[in-house]
Asker: 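The structure is given below, and queries will be raised subsequently.
We number each residue from 1, following the sequence as shown. These numbers come from the heavy atoms of this one structure, side chains and all, not from hydrogens, waters or symmetry mates.
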Amino acid sequence: IAWKKKDSINELDILKSELTKILNKLSVENFPKLSEQISELVVDTQDKLKLVVEIIYNKPILQPIYAEMYANLFKKLEDKWKIDESCSLKRELLNYCQIKYKEGEKIPDKPESFKDWSKSDQDYWEEISVDKAKEVMLNNIKLIGELYKVELLPVKIMIICMNELFQITELGTGCLEEPDENNIECSLNLLKTIGKKISKTPLITNYIDILNNLSELDNKLSSRIRFACKDIIDLHKNNWIPRREESKPTTLTKSHMYSD
């Protein structure tokens, strides 16, 4: 039994190494070739499936400009990596999305030596950690939206996310009374990603109405967030066509430039 357990861990290590090696070379230009190589990796157990979902999912969290490409990669692998009806890539992906979303803006644990640092160093660490956690949450929301666009996540997940971010309950819309700027920024990121796809549903009317109201909350929201709300409203009016051309990934080298 011990030998089998060790062999299983070794298989996971090998799979992790092979997948990571290919992903580190992945770009829009070589996507067809390398995505095919990834699809040929042997993923025949639930442990392997969980591992590859986690590895692939966290790549665009660090490189959000590649979120659309990684969503397309998951879509290509959907039927390739399906063990049975109860164990599929789509199911594992949904589970992992829920885990990452519930983590929210999770700040990492303080280093063991934190108490020995100077006050200025402690303050700097906490400031950087908060900013990084916010960035991760925004990037996660963008990826969730991209996965919905390729139909790997259902629209009900988008509704749950939007309701939580806007604090929508049976009692009303909480963000209009006590707005949380981080949540609102996440909702804007999600709407920017999925707006075109949900534009023909009744959902969008309610969300745009909320943004109109938020954009007028001079005494409760920063001008940055209010203008960001107006940007999404304008995007909706323009049929979700950006007035300025957005940055698109081309090569891995350029993606590093964007992320700096």
Side-chain angles (χ1 to χ4, degrees), residues 12 15-16 19-20 22-23 26 31 35 38-106 133-169 182-183 185-204 206-207:
L12 292 176
L15 177 60
K16 179 179 180 179
L19 176 58
T20 302
I22 299 172
L23 290 178
L26 188 63
F31 180 85
S35 61
I38 292 171
S39 72
E40 292 171 357
L41 295 174
V42 178
V43 179
D44 54 1
T45 68
Q46 186 170 20
D47 285 343
K48 289 180 180 179
L49 195 54
K50 286 181 177 180
L51 177 67
V52 295
V53 165
E54 181 177 341
I55 292 172
I56 297 174
Y57 191 99
N58 283 296
K59 277 288 186 176
I61 301 302
L62 299 175
Q63 295 179 317
I65 197 170
Y66 271 75
E68 182 179 359
M69 184 184 73
Y70 278 99
N72 287 325
L73 176 60
F74 273 124
K75 185 65 177 178
K76 180 170 182 174
L77 299 171
E78 180 184 6
D79 295 325
K80 297 274 187 177
W81 292 346
K82 185 174 182 179
I83 297 167
D84 55 43
E85 290 302 321
S86 64
C87 185
S88 64
L89 182 142
K90 195 170 185 178
R91 183 181 291 269
E92 289 299 331
L93 186 56
L94 176 58
N95 291 339
Y96 195 69
C97 279
Q98 291 174 327
I99 291 171
K100 298 298 287 186
Y101 180 77
K102 287 177 181 178
E103 283 181 359
E105 296 178 24
K106 184 180 179 181
K134 177 182 175 182
E135 180 186 354
V136 167
M137 181 63 176
L138 285 169
N139 295 347
N140 186 46
I141 284 293
K142 177 175 176 58
L143 179 57
I144 286 173
E146 293 291 354
L147 290 170
Y148 162 67
K149 284 167 60 178
V150 295
E151 300 182 347
L152 285 174
L153 293 178
V155 68
K156 68 179 181 181
I157 298 297
M158 302 304 106
I159 296 172
I160 290 171
C161 290
M162 291 301 300
N163 285 352
E164 290 187 2
L165 295 170
F166 276 152
Q167 301 163 254
I168 299 173
T169 68
N182 287 350
N183 281 351
E185 192 166 2
C186 283
S187 71
L188 296 175
N189 214 21
L190 185 55
L191 277 177
K192 185 178 180 181
T193 306
I194 69 171
K196 185 174 182 179
K197 187 171 175 66
I198 66 168
S199 61
K200 296 180 181 179
T201 73
L203 295 171
I204 195 64
N206 185 36
Y207 298 149

Asker: Write down the atom of Glu92, the atom of Leu49, and the distance for their closest heavy-atom approach.
Answerer: CG-CD2, 3.6 Å

Asker: With rounding to the nearest 0.5 angstrom, report the CG to OH distance, Asn163 to Tyr207.
Answerer: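 Answer rounded to 0.5 Å: 5.5 Å.
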
Asker: If I take atom CE from residue Met137 and atom CD from residue Glu103, how far apart are they, to the nearest 0.5 angstrom?
Answerer: 10.0 Å

Asker: Identify the residue among Ile141, Ile144, Asn58 that makes a side-chain contact (heavy atoms from CB on, under 4.5 Å) with Lys100.
Answerer: Asn58

Asker: How long is the gap from CG on Leu51 to CG on Leu15, to the nearest 0.5 Å?
Answerer: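 It is 5.5 Å, given to the nearest 0.5 Å.
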
Asker: Run the salt bridge (charged side-chain N to carboxylate O under 4.0 Å, His left out) test against Lys48 and tell me which residues pass, sequence neighbours left out.
Answerer: Glu11, Asp44

Asker: Between Asn189 and Glu185, is there a donor-acceptor pair closer than 3.5 Å when you use the side chain of the first and the backbone of the second?
Answerer: no

Asker: Applying side-chain contact (heavy atoms from CB on, under 4.5 Å), run through Glu151 and Lys197 and close with a yes or a no.
Answerer: CA-CA 11 Å; Glu151 300 182 347; Lys197 187 171 175 66; 3.8 Å; yes

Asker: Does Lys75, at its NZ atom, have more than 12 non-hydrogen atoms belonging to other residues, nucleotides or ligands within less than 6.0 Å?
Answerer: yes

Asker: From Met69 CE over to Ser35 OG, what is the distance, rounded to the nearest 0.5 angstrom?
Answerer: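 With rounding to 0.5 Å, CE (Met69) is 9.5 Å from OG (Ser35).
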
Asker: Is there a side-chain contact between Asn95 and Val53 (heavy atoms, below 4.5 Å)?
Answerer: no

Asker: Checking the side chain of Asn139 only, and the main-chain atoms of Pro64 only, is there a donor and an acceptor separated by less than 3.5 Å?
Answerer: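 No, because the side chain of Asn139 does not come within donor-acceptor range (under 3.5 Å) of the backbone of Pro64.
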
Asker: Where is the tightest heavy-atom contact between Pro60 and Ala67, given as atom of each residue plus distance?
Answerer: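 So the two residues come closest at CB-CA, 3.8 Å.
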
Asker: How close do Ser187 and Phe166 get, counting heavy atoms only, and between which atoms?
Answerer: OG-CE2, 3.3 Å

Asker: I want to check something: taking the side chain as every heavy atom from C-beta on, are Glu164 and Ile160 in contact at a cut-off of under 4.5 Å?
Answerer: yes

Asker: Would you indicate whether the side-chain heavy atoms of Ile157 and Tyr101 approach each other to under 4.5 Å?
Answerer: no

Asker: Got a donor-acceptor contact below 3.5 angstrom from the Lys80 side chain to the Ser39 backbone?
Answerer: no

Asker: Any side-chain heavy atom of Thr193 within less than 4.5 Å of one from Leu143?
Answerer: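 Side-chain contact under 4.5 Å: no.
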
Asker: Hey, what do you get for CD1 (Ile56) to CG (Leu89), rounding to the nearest 0.5 Å?
Answerer: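 One finds 7.0 Å between CD1 of Ile56 and CG of Leu89.
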
Asker: To the nearest 0.5 Å, what is the distance between NZ (Lys59) and CG (Leu73)?
Answerer: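 If we round to the nearest 0.5 Å, Lys59:NZ and Leu73:CG are 11.5 Å apart.
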
Asker: When you compare the side chain of Leu153 with that of Phe74, does any pair of heavy atoms fall below 4.5 Å?
Answerer: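 No; the side chains remain at least 4.5 Å from each other.
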
Asker: Do Glu146 and Lys142 pass the salt bridge (charged side-chain N to carboxylate O under 4.0 Å, His left out) test, and can you show the C-alpha distance, the side-chain angles, and the key distance before you say yes or no?
Answerer: CA-CA 6 Å; Glu146 293 291 354; Lys142 177 175 176 58; 3.7 Å; yes

Asker: Which heavy atom in Asn182 sits nearest to a heavy atom in Lys134, and how many Å separate them?
Answerer: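 Here Asn182 and Lys134 meet closest at OD1-CE, 3.7 Å.
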
Asker: Using a 4.5 Å cut-off on heavy atoms from C-beta on, say whether the side chain of Leu190 contacts that of Met158.
Answerer: yes

Asker: A side-chain contact here means heavy atoms from C-beta on lying under 4.5 Å apart; do Ile204 and Leu191 qualify?
Answerer: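 When only atoms from C-beta onward are counted, Leu191 and Ile204 do touch, with a gap below 4.5 Å.
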
Asker: Check this for me, if you would: do Lys50 and Glu54 make a salt bridge, where the nitrogen-to-carboxylate-oxygen distance has to be below 4.0 angstrom?
Answerer: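 Between Glu54 and Lys50 there is no salt bridge, as every charged N stays at least 4.0 Å from the carboxylate O atoms.
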
Asker: Step by step, work out the side-chain contact (heavy atoms from CB on, under 4.5 Å) result for Ile83 and Ser88.
Answerer: CA-CA 6 Å; Ile83 297 167; Ser88 64; over 6 Å; no

Asker: For a side-chain contact (heavy atoms from CB on, under 4.5 Å) check, start with the C-alpha distance between Ile38 and Leu23, then their side-chain angles and the critical distance, and finish with the verdict.
Answerer: CA-CA 8 Å; Ile38 292 171; Leu23 290 178; 3.7 Å; yes

Asker: Carefully, step by step, assess Leu26 and Tyr70 under the rule side-chain contact (heavy atoms from CB on, under 4.5 Å).
Answerer: CA-CA 10 Å; Leu26 188 63; Tyr70 278 99; 4.0 Å; yes

